[in-house]
Undergrad: 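Right, I'll just put the structure down here and ask away after.
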Amino acid sequence: MSRNISIPGAIDAAAAMPSSALEADGITKSFRDRKTEVKVLDGLSLTVQPGQFASIIGPSGSGKSTLFHIIGGLLKPDAGAIRMNGSDVTGQKGRIAYMPQQPALFPWRTALDNVLLPRELSGMPKEQARDEARILMERAGLSGFENAYPDTLSGGMQQRTAFLRTLMSPQEVMCLDEPFSALDALTRTDMQHWLLDMWEADRRSVLMITHHIEEALLLSDVVYVMSNRPAAILQKIEVPFARPRSEALLHQPAFLALKQEISDRMRNELRKS
Amino acid sequence: MSRNISIPGAIDAAAAMPSSALEADGITKSFRDRKTEVKVLDGLSLTVQPGQFASIIGPSGSGKSTLFHIIGGLLKPDAGAIRMNGSDVTGQKGRIAYMPQQPALFPWRTALDNVLLPRELSGMPKEQARDEARILMERAGLSGFENAYPDTLSGGMQQRTAFLRTLMSPQEVMCLDEPFSALDALTRTDMQHWLLDMWEADRRSVLMITHHIEEALLLSDVVYVMSNRPAAILQKIEVPFARPRSEALLHQPAFLALKQEISDRMRNELRKS
Amino acid sequence: AGCGNGTKAPAEESGGEESGNAPAQVKNVKVMLDWTANTNHTGLYAARDLGYYKEEGLNVEIVQPGAGGTDAMVASGQADFGISYQEGVTLARTQGVPLVSIAAVIQHNTSGFAAPVDRNIKKASDFEGKSYGGWGSPVEEAVMKSIMDIDGADVSKVKMINMGDADYFTAVKRDIDFAWIYYAWTGVEAELRGEPLDMIYVKDYSEALDYYTPVLVTNEDKIANDPELVKAFMSATAKGYEYAINQPEEAAALLSKAVPELDEELVLASQKWLSPKYQDDAARWGEQKAEVWNNYAEWMFERKLLDKPLESEQAFTNDFLPNTP
Amino acid sequence: MRMWWKDVWPPVVAVLLFLGAWQAAVYMFHIEDWILPSPAGIAREAASGAQGLPGHTLATLRLTLTGFVIGTAVGFIIALILHMLPGLKTALYPLLVVSQNVPTIALAPLLMIWFGFGMLPKIIVITLVCFFPVAVAAMDGLARTDRTMMNYMQMAGAGRWQTFSKLELPHALPSLFSGLRIAATYSVMGAVIGEWIGSDRGIGYYMMLQKSAYRTDRVFVAIVIVVLLSLLMVGLITLLEKRLIRWNAKSREVSR
Amino acid sequence: MRMWWKDVWPPVVAVLLFLGAWQAAVYMFHIEDWILPSPAGIAREAASGAQGLPGHTLATLRLTLTGFVIGTAVGFIIALILHMLPGLKTALYPLLVVSQNVPTIALAPLLMIWFGFGMLPKIIVITLVCFFPVAVAAMDGLARTDRTMMNYMQMAGAGRWQTFSKLELPHALPSLFSGLRIAATYSVMGAVIGEWIGSDRGIGYYMMLQKSAYRTDRVFVAIVIVVLLSLLMVGLITLLEKRLIRWNAKSREVSR
Ligand SMILES: Nc1ncnc2c1ncn2[C@@H]1O[C@H](COP(=O)(O)OP(=O)(O)OP(=O)(O)O)[C@@H](O)[C@H]1O
Ligand SMILES: Nc1ncnc2c1ncn2[C@@H]1O[C@H](COP(=O)(O)OP(=O)(O)OP(=O)(O)O)[C@@H](O)[C@H]1O
Ligand SMILES: [Mg+2]
Ligand SMILES: [Mg+2]
């Protein structure tokens, strides 16, 4: 992991005030397509503090991936701004370590070379990164498939490869779009724990989209619940459970209650539309 | 839905004995790639009775999708046979209504036209099918996106479109590969209920891959737990709960116990490797 | 093309459209040129547009050549007649192509080596040390050697450059000092441009090189099976060329009208230069002499430009020329 | 309207710049007219000496269109057949290459002997020119069909023809259009070459005559017409492409 | 070894069948030698009258290879530049089309005047022939890059050059090879045409000479050599493609 690689502009603003690692401020976005116009985001705001683990939960099609595209600079918001460490980075690319919803692996690269891609992009020596990537792949249960091409990997294996690729990205803020959706329950739990371990070790800020309320509660400091399209933040939930959190937490009444609360909140939201 | 369309060869054999709608018998399959050989399926057998709802649960990369490819005739098993209603259909295509793990929507077709594809393939009049498809899309929360191209749909919307496409297929046996993995909890529950309703109305045989143990238990008559690669059936679980099953079932001790049992079984399996 | 649509025919020739009411049979005839239309062809256009062919009961179509395909076309009977040249007929016949020359369009060889006056090439020995632009044929080198030998010069001191499609005017602008041209066209154009050139006619050096170029050809089949047609065609054609000989200006106007894309000025000047040369010292237009055929064939054979000697009596005939003396 | 203009001005400006540079070069290096006439000279000649040019142009255009349509159809059908029968593909590919390597000087006499002096030999020449890029591009495009979509299509029991028409063909369309654009570019030159092998009409014929009459300016008038016709063909193909491949060309609002 | 043979026999059989049909046609329709020689006649002539043919062949091969390499490089670089600068692309596309529509008869004199009679004008002719299919295919391929991969690449902060070299180029490789295969097919004819505009060596020169000597059989010997060279070029490209695009060509064990 290369958590000590500094991103230009990341430090200078931080001195001024204890600003947030990532802030989306009043983001509004519509898609126009011939006659129809779809308003997707409607003044959405959220913040991720430095070293914080935040999750987003929201109905399918509400605009979560679109928000990530805006944060990543791929799309320009119609209104609002993205700030990192206090400076405006709206429309700037390459500021986040991003895991897309679809794996988007390059079919002409082996799994290992796909994992190495971010290192190549930041111009770092490939040889040393290769060993690191091998270790990561082994940890993710992919050993033996280093030289397999993506289309010979199973869906879940592709997703894990994409996850590793994101881990290899040097940026301070990680944005994960449903990173474990294609994994079986146990592999998923395993990956969650691993992610938590890594996060606790280096405290990169994380923003994760998930459909799994348990997952969100288990991993996050704060959970944002998104409304239906056009989306804004419906609720911001500070998760009160102490860390490190164990599997046992899943069965505690407080946990179950919070889970139920989020579930109900979303049910109401979905009913509305 | 066109559940009363008969598939050639489906009836003749049925008279002989109460045979199963789908039977995989001792399926073995390896992939060879240059030097390496990966043995994926190792004598796997399972059956789906007519009108039965069966699920497969198994570790990521164990060979579930491969099994579906074999059932669908895309791949030839190294050993073993696929039978439907008693007759050998190994390597025959077009016998199942299939939902792939990746949506695989055609980017040059609108969502609606993608849903209509199976009807076109079976040469049925398109006009009447169009109304049917519109109703399905509305039910799946996709109204307003009939004319959207797949790459403007969110991940979950694409998955729902692919699901609808499968519903439009006339075949008697449905094979669903993680149909709801990209959906939020509530949309997912909604889709599950809808699927159950439809299944109860027309009793097509269903074989579903899922990573969601709850989902499997809630929907299925029988759950197959797959082992790690090379995969065989680890356990066949007849789900004892009466139908119709409600949301409340999720909190009943018997349900929780069964869920825990499967979970433990898989954990042991994963540990082994 | 001038469709002499008038008469009825059982259309034995290719694609005959029949209409009208004249009594005689009209035969469709194709003549294929050797190159784009120029003053070498004036007689054909005159015979066509003055109605001489029609008088003979012929409906003549003049066709532009394909990429060097005239001889094959005529030999295979796709075209009834064509324009070729003696060198071609000689080579073709020794390769078994059944071409027969039936008239010399121009009595003496008007081709030769030309150079802009500033290159100072006045005689064959001046070729030494100069660059020659040609098309790389061994015949060129042999001809050059012949005439340089006569002047006692060494052909190996000439730099030979294959200039392919480039024309004289372009070529002499760069690298090239002299080239082989037909005076009637290129030389006259040079006069018109005011770019004087020195011309060394090959015929002035050797009898053997005073060969016929161009000639009218047909194939052996036609001669054997339809001599009447050949006769009729030749008598009208001869009238056409006689018209061109006697009335150069009108003939030039005729050609310009028939092929309006041509430059009128060049056509007129060229015609005036060429008209007296068609018949020249011969008894009648078109006359061919056996010695000319023999001389040139022998010259070629000696220089190993031919695989075998030419049987010249079969290569040409004067039998179809009108008013045999 | 605005959009249309936005698409049109860059090439117009580029062409004008090109013509300007040409004119300047002719002027500055004193290049003589009969080597390379200036654009102004060409325009003057084109304006004055019409001389049946519209007729020639029309003849060539008709020949081009006929030949292009036949050529691309042949190319497409060959691609279709060879794609459907992969065994045949490896077998016949070399013959396709052969077809592109018989020079006109050898081909022309044969064509004329077999097919006479009419349209047919000329159309065969254009066909030979046009079919090849279309066939290669279409075959390659067809062979590159997306694997997951193909898997779905096969498991859905689609027949060979359905797979082709509903999946492979739409998937190969962009590639096919690459080939069509190349073929369109060549088609007019193909017609001109066709006219050279024997014709009494058309721009090719006109060009030959002017060439041998040393009228370089008129040769360039003919070239300009050839170029314009060719741009017309390419423009038509591009328009058709925009029509047919709308799902691909949609503005994606991706900021670079 | 077995595999290799399996790839080789279908084209060999097809070519043999083709030659057989040709021989039979010549025999049955009594086609005379000077119209269309029989394959046997051509073979006989090739075997007997060597006449410096190896030398000519070598000259043409060298010219072809040089021209092909330069031509494809130019095509690729043009595609690269126009892809990187989309404004320039719409502007310059028409000029690319123009470049394909200047016939050799007008071009040859100009080339000669500007560049003399050396290798240069010939290489320019092959370049003009080869660059275009490569440029069009490469540009189209580059423009069709997969959207989700592109999104990832951009959000990862890849620079313009990184995006090109790591995503767009590999993605466009199959399409580029379509263009290369077309260009390879044309390259030898390009060299022959180049030799026609002025040369004293090479197959093109030889062909012209034999043509004017009415040696149809030798003209066809030359054509056979052109075809063989061209097949060699296409074969090289196909080999290179198999090398470079292994991820695509892998046997997928999909039963049809
Ligand atoms: N390029 C686009 N053009 C037009 N509409 C788009 C585009 N991208 C997304 N949309 C629309 O924006 C909405 C939100 O899409 P988005 O992918 O952000 O949803 P999401 O919250 O990620 O959903 P999911 O959980 O299903 O992935 C959808 O209605 C979608 O149709
Ligand atoms: N075409 C192929 N070539 C080689 N190996 C393959 C191929 N397809 C699948 N495999 C291998 O087969 C194994 C099983 O793959 P499969 O897609 O069936 O897994 P799965 O059970 O569906 O997993 P997941 O839940 O992650 O989708 C994997 O190890 C994969 O690498
Ligand atoms: Mg999403
Ligand atoms: Mg799978």
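In what follows, every chain begins at residue 1, and chains take the letters A, B, ... in the order their sequences are listed. Source: prediction; values computed, not measured.
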Undergrad: In Å, rounded to the nearest 0.5 Å, how long is the span from OH of E:Y152 to CG of E:D146?
TA: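 If we round to the nearest 0.5 Å, E:Y152:OH and E:D146:CG are 14.0 Å apart.
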Undergrad: Side chain, backbone, both or neither: which part of E:V234 has a non-hydrogen atom closer than 4.5 Å to chain D?
TA: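 Contact with chain D involves the side chain of E:V234 alone.
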Undergrad: Under 4.5 Å heavy-atom distance to chain D, tell me which part of E:V219 shows up: side chain, backbone, both or neither.
TA: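 The side chain, not the backbone.
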Undergrad: Is there a donor-acceptor contact under 3.5 Å from the side chain of E:Q162 to the main chain of E:G159?
TA: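 Present.
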Undergrad: Please look at E:I182 and chain D and tell me whether the side chain, the backbone, both or neither of the residue comes under 4.5 angstrom of a heavy atom of that chain.
TA: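 Contact with chain D is through both the backbone and side chain of E:I182.
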Undergrad: Hey, could you give me each pair passing side chain to side chain donor-acceptor pair (under 3.5 Å) that has a residue in residues 176-188 of chain E? Not counting sequence neighbours.
TA: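 As it turns out, the side chain to side chain donor-acceptor pair (under 3.5 Å) pairs with a partner in residues 176-188 of chain E, which skip direct neighbours, are D:Y93-E:R181, D:D140-E:S178, D:D140-E:R181, E:R181-E:E241.
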Undergrad: Just by distance, no angles: are the side chains of E:S230 and D:Q100 close enough, under 3.5 Å, to form a donor-acceptor pair?
TA: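 No, no side-chain donor-acceptor contact under 3.5 Å.
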Undergrad: Among E:V15, E:V12, E:L17, E:V136, which residue forms the greatest number of heavy-atom pairs with chain D at distances under 4.5 Å?
TA: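 With the most close heavy-atom pairs to chain D, the winner is E:V136.
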Undergrad: I'd like to know which of E:L88, E:L36, E:T90 tops the heavy-atom pair count under 4.5 Å against chain D.
TA: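 Of the candidates given, the most pairs with chain D belong to E:T90.
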Undergrad: Taking only Lys NZ, Arg NE, NH1 and NH2, and the carboxylate oxygens of Asp or Glu, determine whether D:R160 and D:E168 approach each other closer than 4.0 Å.
TA: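 Counted as a salt bridge, because a side-chain N and a carboxylate O are separated by less than 4.0 Å.
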